[in-house]
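Structure, as C-alpha coordinates:
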Amino acid sequence: MAEKTAKKVEAPERIVLNFNGLLQKFEEERGKLASYDQRRQNVEKVILDASAALAALEGIEKVEKGEKILVPVGSGVYIEAAADDLKNVKTALTADYVLETSLAQAKKTLNERIASFSKTLQRLSGHEQRSLQNLRSME
(Lines give C-alpha, C1' and ligand atoms only; values in the text may rest on other atoms or scores of the structure.)
Protein backbone atom coordinates (compact mmCIF):
# COMPACT_ATOMS: atom_id res chain seq x y z
CA MET A 1 0.00 0.00 0.00
CA ALA A 2 1.12 3.47 -0.74
CA GLU A 3 1.36 5.72 2.25
CA LYS A 4 0.39 9.31 1.95
CA THR A 5 2.67 11.72 3.65
CA ALA A 6 1.29 15.06 4.62
CA LYS A 7 3.32 18.05 3.72
CA LYS A 8 4.76 19.58 6.80
CA VAL A 9 4.31 23.31 6.86
CA GLU A 10 6.95 25.00 8.90
CA ALA A 11 6.57 28.40 10.45
CA PRO A 12 9.03 30.93 9.14
CA GLU A 13 12.03 31.41 11.37
CA ARG A 14 11.96 35.11 10.85
CA ILE A 15 9.36 37.67 9.94
CA VAL A 16 10.54 40.99 8.64
CA LEU A 17 8.49 44.11 9.31
CA ASN A 18 9.35 47.58 8.26
CA PHE A 19 9.37 50.35 10.88
CA ASN A 20 5.84 51.53 10.06
CA GLY A 21 4.48 47.99 10.27
CA LEU A 22 6.15 47.44 13.63
CA LEU A 23 4.90 50.79 14.90
CA GLN A 24 1.36 49.89 13.84
CA LYS A 25 1.55 46.51 15.63
CA PHE A 26 2.97 48.25 18.70
CA GLU A 27 0.10 50.75 18.77
CA GLU A 28 -2.46 47.96 18.30
CA GLU A 29 -0.97 46.08 21.24
CA ARG A 30 -0.96 49.23 23.38
CA GLY A 31 -4.64 49.71 22.52
CA LYS A 32 -5.39 46.14 23.58
CA LEU A 33 -3.52 46.66 26.84
CA ALA A 34 -5.45 49.87 27.58
CA SER A 35 -8.71 48.05 26.84
CA TYR A 36 -7.78 45.17 29.17
CA ASP A 37 -6.82 47.68 31.86
CA GLN A 38 -10.18 49.46 31.62
CA ARG A 39 -12.09 46.17 31.69
CA ARG A 40 -10.03 45.02 34.69
CA GLN A 41 -10.89 48.20 36.57
CA ASN A 42 -14.60 47.71 35.81
CA VAL A 43 -14.50 44.08 36.98
CA GLU A 44 -12.64 45.07 40.15
CA LYS A 45 -15.34 47.67 40.86
CA VAL A 46 -18.10 45.05 40.49
CA ILE A 47 -16.23 42.70 42.85
CA LEU A 48 -15.70 45.52 45.37
CA ASP A 49 -19.38 46.55 45.23
CA ALA A 50 -20.58 42.97 45.64
CA SER A 51 -18.15 42.40 48.53
CA ALA A 52 -19.39 45.55 50.28
CA ALA A 53 -23.01 44.46 49.81
CA LEU A 54 -22.17 41.01 51.16
CA ALA A 55 -20.49 42.53 54.22
CA ALA A 56 -23.54 44.74 54.78
CA LEU A 57 -25.87 41.73 54.59
CA GLU A 58 -23.72 39.84 57.08
CA GLY A 59 -23.93 42.85 59.40
CA ILE A 60 -27.70 43.00 58.99
CA GLU A 61 -27.98 39.35 60.03
CA LYS A 62 -26.66 40.37 63.46
CA VAL A 63 -29.18 43.20 63.92
CA GLU A 64 -32.24 42.60 66.05
CA LYS A 65 -35.72 43.61 64.93
CA GLY A 66 -36.46 47.25 65.72
CA GLU A 67 -32.78 48.14 66.18
CA LYS A 68 -31.70 51.37 64.48
CA ILE A 69 -29.28 51.13 61.58
CA LEU A 70 -27.65 53.60 59.20
CA VAL A 71 -28.49 53.10 55.54
CA PRO A 72 -26.18 54.66 52.92
CA VAL A 73 -27.98 56.58 50.19
CA GLY A 74 -24.81 57.60 48.34
CA SER A 75 -22.07 60.25 48.38
CA GLY A 76 -21.42 59.74 52.08
CA VAL A 77 -25.03 60.45 53.09
CA TYR A 78 -26.84 58.09 55.47
CA ILE A 79 -30.35 57.88 56.86
CA GLU A 80 -31.29 56.27 60.12
CA ALA A 81 -33.82 53.44 59.89
CA ALA A 82 -35.30 50.85 62.17
CA ALA A 83 -34.76 47.24 61.14
CA ASP A 84 -38.13 45.64 60.52
CA ASP A 85 -38.02 42.68 58.12
CA LEU A 86 -34.59 41.08 58.51
CA LYS A 87 -35.32 37.94 56.53
CA ASN A 88 -35.91 39.53 53.13
CA VAL A 89 -34.10 42.11 51.02
CA LYS A 90 -34.92 43.93 47.82
CA THR A 91 -32.67 43.08 44.88
CA ALA A 92 -32.55 45.18 41.71
CA LEU A 93 -33.00 43.13 38.57
CA THR A 94 -32.81 46.16 36.29
CA ALA A 95 -33.12 49.89 36.83
CA ASP A 96 -36.94 49.59 36.92
CA TYR A 97 -37.52 46.20 38.57
CA VAL A 98 -36.89 45.12 42.14
CA LEU A 99 -37.32 41.58 43.41
CA GLU A 100 -37.79 40.57 47.03
CA THR A 101 -35.50 37.70 47.96
CA SER A 102 -34.42 36.04 51.14
CA LEU A 103 -31.29 37.28 52.84
CA ALA A 104 -29.68 33.87 52.30
CA GLN A 105 -30.50 33.91 48.57
CA ALA A 106 -29.10 37.43 48.20
CA LYS A 107 -25.86 36.36 49.90
CA LYS A 108 -25.64 33.29 47.66
CA THR A 109 -26.16 35.43 44.56
CA LEU A 110 -23.48 37.90 45.67
CA ASN A 111 -21.01 35.09 46.37
CA GLU A 112 -21.67 33.62 42.92
CA ARG A 113 -21.18 37.06 41.34
CA ILE A 114 -17.89 37.54 43.17
CA ALA A 115 -16.67 34.09 42.10
CA SER A 116 -17.67 34.65 38.48
CA PHE A 117 -16.08 38.07 38.23
CA SER A 118 -12.95 36.81 40.00
CA LYS A 119 -12.52 34.25 37.22
CA THR A 120 -13.01 37.01 34.65
CA LEU A 121 -10.38 39.06 36.46
CA GLN A 122 -7.90 36.17 36.25
CA ARG A 123 -8.50 35.80 32.50
CA LEU A 124 -8.03 39.53 31.96
CA SER A 125 -4.82 39.42 33.96
CA GLY A 126 -3.52 36.69 31.64
CA HIS A 127 -4.42 38.77 28.58
CA GLU A 128 -2.68 41.79 30.08
CA GLN A 129 0.47 39.78 30.76
CA ARG A 130 0.58 38.50 27.18
CA SER A 131 0.12 42.04 25.84
CA LEU A 132 2.91 43.30 28.07
CA GLN A 133 5.20 40.51 26.85
CA ASN A 134 4.34 41.35 23.25
CA LEU A 135 5.08 45.04 23.84
CA ARG A 136 8.39 44.22 25.51
CA SER A 137 9.43 42.00 22.62
CA MET A 138 8.55 44.75 20.13
CA GLU A 139 10.55 47.34 22.03
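Throughout, numbering of the chain's residues begins at 1 and tracks the sequence.
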Find the distance between CD1 (Ile114) and CD (Glu112) and round it off to the nearest 0.5 Å. 10.5 Å
Among Glu28, Glu29, Arg136, the one residue meeting side-chain hydrogen bond (donor to acceptor under 3.5 Å, both in side chains) with Ser131: Glu29
Residue pair Phe117 / Val43: nearest heavy atoms and the distance that separates them: O-CG1, 3.3 Å
When you compare the side chain of Lys90 with that of Leu99, does any pair of heavy atoms fall below 4.5 Å? no
Among Glu44, Gln38, Lys45, which residue meets the side-chain hydrogen bond (donor to acceptor under 3.5 Å, both in side chains) test with Asn42? Gln38
Regarding Gln105 and Thr109, do their side chains bring together a donor and an acceptor under 3.5 Å, going by distance alone? yes
State whether the number of non-hydrogen atoms from other residues, nucleotides or ligands found under 6.0 Å of Glu64 atom CD is greater than 12. no
Quick check for you: to the nearest 0.5 Å, what is the distance between Gln129 atom CD and Leu124 atom CG? 11.5 Å
For a side-chain contact (heavy atoms from CB on, under 4.5 Å) check, start with the C-alpha distance between Arg113 and Leu110, then their side-chain angles and the critical distance, and finish with the verdict. CA-CA 5 Å; Arg113 183 177 299 162; Leu110 287 169; 4.0 Å; yes
With the 4.5 Å side-chain cut-off for hydrophobic clustering, are Leu121 and Leu48 part of the same group? no
In the single-linkage hydrophobic clustering (I, L, V, M, F, W, Y; side-chain heavy atoms under 4.5 Å), do Leu132 and Tyr36 co-cluster? no
Could you check whether any side-chain heavy atom of Lys107 comes within less than 4.5 Å of a side-chain heavy atom of Glu61, counting everything from C-beta outward? yes
Compare every heavy atom of Gly66 with every heavy atom of Ala82, then report the nearest pair and how far apart it is. CB-O, 4.1 Å
Has the side chain of Ser51 got a donor or acceptor atom that lies under 3.5 Å from a matching backbone atom of Ile47? yes
Taking a hydrophobic cluster as the set of Ile, Leu, Val, Met, Phe, Trp and Tyr residues connected by side-chain heavy atoms closer than 4.5 Å, whether directly or through intermediates, do Val63 and Ile79 fall within one such cluster? yes
Output the distance between atom CZ (Arg130) and atom CG (Leu33), rounded to the nearest 0.5 Å. 12.5 Å
Got a second to check how far Ser35's OG is from Arg40's CZ, nearest 0.5 Å? 11.5 Å
In the single-linkage hydrophobic clustering (I, L, V, M, F, W, Y; side-chain heavy atoms under 4.5 Å), do Val77 and Leu70 co-cluster? no
Any idea which heavy atoms bring Ala106 and Val89 closest together, and the distance? CB-CG2, 3.5 Å
To the nearest 0.5 Å, what is the distance between CD (Glu27) and CG (Leu22)? 10.5 Å
Side chain proximity check, Gln24 to Asn20, heavy atoms < 4.5 angstrom: no
If you measure from CG on Leu57 to CG on Leu86, what distance do you get to the nearest 0.5 Å? 11.0 Å
